[in-house]
2 protein chains.
Amino acid sequence: MTPRAGGAGPGSRPATIIDVAEAAGVSRQTVTRAMNDMPGIKVATKERVLAAAKELAYRPSRFGRGLVGHTQRTVGLVVDDLMNPYYPQLASAVVSSARDRGWNVILAQTAKAADQYSLIADLAKQADVVIGYPALTDTQAQEVLAGVPFVRIDMGEYTYGGGVEMEVDDAMGDLADHLLERGSQRPVLLDVGLPGFPSARGQSFLTAMADRGVRVPTVTAASKSLSSGVAGGNALLAAHPDVDAIMTFNDIVACGALKALHEAGVDVPGRVRLAGCDGLNLGRFVSPELTTLAVDMNAVAESAVGMALGMYDGEVPLQGVRARVAHHLLVRAST
Amino acid sequence: MTPRAGGAGPGSRPATIIDVAEAAGVSRQTVTRAMNDMPGIKVATKERVLAAAKELAYRPSRFGRGLVGHTQRTVGLVVDDLMNPYYPQLASAVVSSARDRGWNVILAQTAKAADQYSLIADLAKQADVVIGYPALTDTQAQEVLAGVPFVRIDMGEYTYGGGVEMEVDDAMGDLADHLLERGSQRPVLLDVGLPGFPSARGQSFLTAMADRGVRVPTVTAASKSLSSGVAGGNALLAAHPDVDAIMTFNDIVACGALKALHEAGVDVPGRVRLAGCDGLNLGRFVSPELTTLAVDMNAVAESAVGMALGMYDGEVPLQGVRARVAHHLLVRAST
DNA sequence: ACGGTGGCCGTGAACGTTCACGCTACGGGT
DNA sequence: ACCCGTAGCGTGAACGTTCACGGCCACCGT
């Protein structure tokens with residue numbers, strides 16, 4: 001297994017700083033000075049070194065470099081599946097946020113991985129901090145990450161590491177007001193999970209509506225997928241033919257419900273108002289555009305990255321810190 | 001700037017292999033043997049070492065490790081913007097494909113970066129190969145990447161590095177047949193770019209239709225964005241009120257056109273059949289689901305990653321190799 | 001008793017880079 | 001003439017790990 005394809009001859013090992021130094025007739029340090037725009041080098045010498053470097057296709061080794069000055073920092077980002085429209089939004093924000101601070105992002109995807117555990121273990125070997133949604137219990141995470149700063153997004157009941165929480169209650173109140181103002185009288189919740197066990201955000205909607213004197217029936221979809229949303233939408237229409245507003249677990253399920261409504265010939269928002277949750281960009285691609293409880297992903301990412309980097313620098317404890325980002329009501333065309 | 005938060009006391013530097021060796025009363029090499037499941041170590045010793053390592057929160061330095069054995073390989077993936085539904089599909093496939101081969105993926109996003117050039121330059125310092133859609137000319141790419149194996153997706157007119165091409169002609173023929181079989185007689189192309197300069201895939205549609213004796217008028221949208229698709233859709237309806245089939249530049253524009261059609265009260269596919277291009281997952285979220293010219297992103301990624309890794313290993317020339325992946329017609333509900 | 005064979009473990013060297021110094025030559029000031 | 005500062009460059013050392021050896025001991029066979 002040949003290490004790297006060098007620039008000069010095929011099969012030749014990649015050039016090192018010493019090769020360049022010899023070719024230019026100078027010392028290692030002078031090459032360093034030339035490559036890194038450091039002072040204390042004559043222009044002519046610098047040019048000569050740079051020419052030699054180019055000639056030999058010299059590229060400084062990130063390992064040699066990383067070894068001496070601890071600069072080359074990397075955050076490991078764990079998502080479930082980029083094909084799920086939720087994660088790109090997070091990933092995009094994390095990548096920007098990390099880059100702004102001079103960090104790189106290594107991406108790991110748990111959905112298609114055979115072994116979650118070893119996936120995260122490998123990631124932890126390559127990264128200085130880990131952020132995201134690993135499908136790991138606290139115990140497993142502690143085992144695998146062994147000291148690597150770790151920030152969970154949407155931490156929930158987990159406790160190991162830090163977390164960023166997305167709060168929905170206030171915005172849910174706004175949504176309830178919004179729906180009632182528009183005249184909805186028979187709202188239904190399309191939740192996800194097990195019937196009888198409302199999700200946190202589902203419960204939040206029920207409570208918000210109850211506070212306003214409206215009792216909301218619930219229909220429960222099996223999973224938070226598109227097809228599940230379609231099935232849930234159909235079931236909901238069958239069980240509550242007179243529904244005039246639907247709040248769904250998230251935007252993806254809302255899209256599914258919208259398809260069901262569309263196929264049933266139900267006008268949105270004319271006959272039924274429909275709202276989702278997460279604020280996905282996806283909601284702008286469907287017709288009508290989806291009203292949703294959005295969360296500023298840039299704020300989430302900024303918060304998560306900031307916390308992880310703080311942990312790395314020892315300024316934030318590795319345990320028990322939680323940040324909170326609030327959802328807000330984003331009214332679009334579907335309500 | 002404290003390097004890394006160690007496990008023991010705050011402010012203490014991270015433990016090295018030597019710290020562990022001393023704590024366990026053995027040598028470096030024995031620690032290595034214990035950590036890497038190598039033979040030639042007694043079980044009792046191994047346990048003692050592992051305990052010491054855990055106690056000190058020891059994590060092997062990826063730099064030290066990478067320096068000696070050239071293992072820890074990384075592909076740099078360049079996308080424009082993960083918020084654009086096209087890129088997650090590619091990124092997801094590349095990440096899986098790379099992981100299958102034991103490589104990591106560092107993600108870079110050009111859209112939000114202030115300086116494209118330095119973004120790619122930084123990426124090239126961290127990665128062993130670069131794959132993707134850098135917004136760089138051949139000259140710039142050559143300058144920045146200086147010898148790093150480079151594979152462009154959708155290479156087009158560029159020549160530096162390798163490329164993966166996505167061919168559309170055959171599938172476009174299938175689409176033309178499909179539309180004609182369903183009885184469409186007045187198809188219109190909703191292209192993107194400058195009026196009078198059809199895109200490659202736009203031209204492909206025109207040609208396919210011409211081959212079948214149908215002349216297709218073109219409406220041109222300003223950019224390949226959703227809003228541009230809406231505007232284009234409206235313009236198209238105004239210019240060709242009797243249209244009965246629309247082929248769009250891509251799925252995103254198709255979604256925009258679908259919104260325009262929806263708002264104009266035009267039934268799809270009843271009165272107008274609508275097709276997109278790219279095979280985005282997005283097309284399944286809208287109603288009706290979008291017929292599209294899909295490309296197997298896993299094949300594209302597999303091809304790109306394979307090529308880049310081949311270049312790295314010196315088995316594939318760094319220049320002039322092109323792989324081709326064909327689109328195929330994916331009939332869904334919109335036609 | 002002696003050579004041989006493995007199991008277990010330790011020691012130098014190497015990987016490629018930067019940091020902290022040290023050295024030389026030259027120029028200007030007194 | 002002398003000293004001193006500085007520009008320009010070079011030399012050890014250090015970063016943390018693994019590889020290639022080599023040493024020691026116990027055990028086996030003859």
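So you know, we letter chains A, B, ... as the sequences are listed, proteins then strands, and number each from 1.
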Do the side chain of B:Arg59 and the base of D:dG16 come within less than 3.5 angstrom through a donor-acceptor pair of N or O atoms?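 Side chain to base: no pair below 3.5 Å.
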Between the side-chain atoms of B:Arg28 and the base atoms of C:dG12, is any donor-acceptor pair under 3.5 Å?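 Check passes, donor-acceptor contact within cut-off.
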For A:Tyr87, give me all partners under ring-ring contact (aromatic ring centres under 6.0 Å, His included), at least two apart in sequence or on another chain.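 Residues passing ring-ring contact (aromatic ring centres under 6.0 Å, His included) with A:Tyr87: A:Tyr133.
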[X] has an atom [atom1]; how far is it from atom [atom2] of [N], in whole Å?
X: A:Met35; N: C:dG16; atom1: CE; atom2: P; answer: 15 Å
X: B:Leu67; N: C:dA14; atom1: CG; atom2: C1'; answer: 9 Å
X: B:Arg62; N: D:dG16; atom1: CZ; atom2: C1'; answer: 13 Å
X: A:Ile18; N: C:dC15; atom1: CD1; atom2: C1'; answer: 10 Å
X: A:Ile17; N: C:dA14; atom1: CD1; atom2: P; answer: 18 Å
X: B:Phe63; N: D:dA14; atom1: CZ; atom2: C1'; answer: 16 Å
X: B:Asp19; N: D:dG16; atom1: CG; atom2: C1'; answer: 10 Å
X: B:Asn36; N: D:dT17; atom1: CG; atom2: C1'; answer: 10 Å

Please tabulate, for side-chain N and O atoms in residues 142-164 of chain A, each donor-acceptor pair with protein atoms closer than 3.5 Å (sequence neighbours left out).
residue, atom, partner, partner atom, Å
A:Glu143, OE1, A:Tyr117, OH, 2.4
A:Arg152, NH1, A:Pro134, O, 3.1
A:Arg152, NH1, A:Leu136, O, 3.4
A:Arg152, NH2, A:Leu136, O, 2.9
A:Thr159, OG1, A:Asp138, OD2, 2.9

Does anything in residues 91-114 of chain A form a salt bridge (Lys or Arg N to Asp or Glu O under 4.0 Å)? List the pairs, not counting sequence neighbours.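 Found A:Arg99-B:Asp122, A:Arg101-A:Glu302.
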Counting N and O atoms only, with roles assigned by atom type, does the side chain of B:Gln109 sit under 3.5 Å from a partner on the main chain of B:Val79, one being a donor and the other an acceptor?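 Here the side-chain-to-backbone pair does not exist.
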Set of salt bridge (Lys or Arg N to Asp or Glu O under 4.0 Å) partners for [X], sequence neighbours left out:
X: A:Glu315; value: none
X: B:Asp81; value: none
X: B:Asp37; value: B:Lys46
X: B:Asp80; value: none

Using a cut-off of strictly less than 4.0 Å, decide whether A:Ser61 has a side-chain nitrogen or oxygen near OP1 or OP2 of C:dG16.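 No, because none of the side-chain N or O atoms of A:Ser61 sits under 4.0 Å from OP1 or OP2 of C:dG16.
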D:dG16 phosphate, OP1 or OP2: any side-chain N/O from B:Thr16 under 4.0 angstrom?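 Checking B:Thr16 against D:dG16: no side-chain N or O falls below 4.0 Å of OP1 or OP2.
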Quick check for you: among D:dG10, C:dT17, D:dT17, whose closest atom lies nearest to any side-chain atom of A:Val68?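 Closest nucleotide among those given: C:dT17.
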Please classify the nucleic acid contact of A:Thr32 as base, sugar-phosphate, or nothing, using heavy-atom distances under 4.0 Å.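 Counting heavy atoms under 4.0 Å across all strands, the contact made by A:Thr32 includes a base.
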Using the side-chain hydrogen bond (donor to acceptor under 3.5 Å, both in side chains) criterion, which residues pair with A:Asn298? Sequence neighbours excluded.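 Residues passing side-chain hydrogen bond (donor to acceptor under 3.5 Å, both in side chains) with A:Asn298: none at all.
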Partners passing side-chain hydrogen bond (donor to acceptor under 3.5 Å, both in side chains) against A:Arg65 (at least two apart in sequence or in another chain):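 Scan of A:Arg65 (side-chain hydrogen bond (donor to acceptor under 3.5 Å, both in side chains), adjacent residues dropped) gives A:Asn36.
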Check this for me, if you would: do A:Asp313 and A:Arg73 make a salt bridge, where the nitrogen-to-carboxylate-oxygen distance has to be below 4.0 angstrom?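 Here A:Asp313 does not pair with A:Arg73 in a salt bridge, since their nearest N and O are not under 4.0 Å apart.
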Sort me out a list of protein N/O and nucleotides 20-27 of chain D N/O pairs below 3.5 Å, or just none if empty.
none

Could you measure the distance from the CD atom of B:Gln116 to the OG1 atom of B:Thr110? Nearest 0.5 Å is fine.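 With rounding to 0.5 Å, CD (B:Gln116) is 4.5 Å from OG1 (B:Thr110).
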How far does the helix from C:dA1-D:dT30 to C:dT30-D:dA1 bend, going by the axes of its first and last five pairs, to the nearest 10°?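 Rounded value for the end-axis angle: 50°.
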Going by heavy atoms closer than 4.0 Å, what residues in residues 38-54 of chain B are next to DNA chain D?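 Listed by number, there are none.
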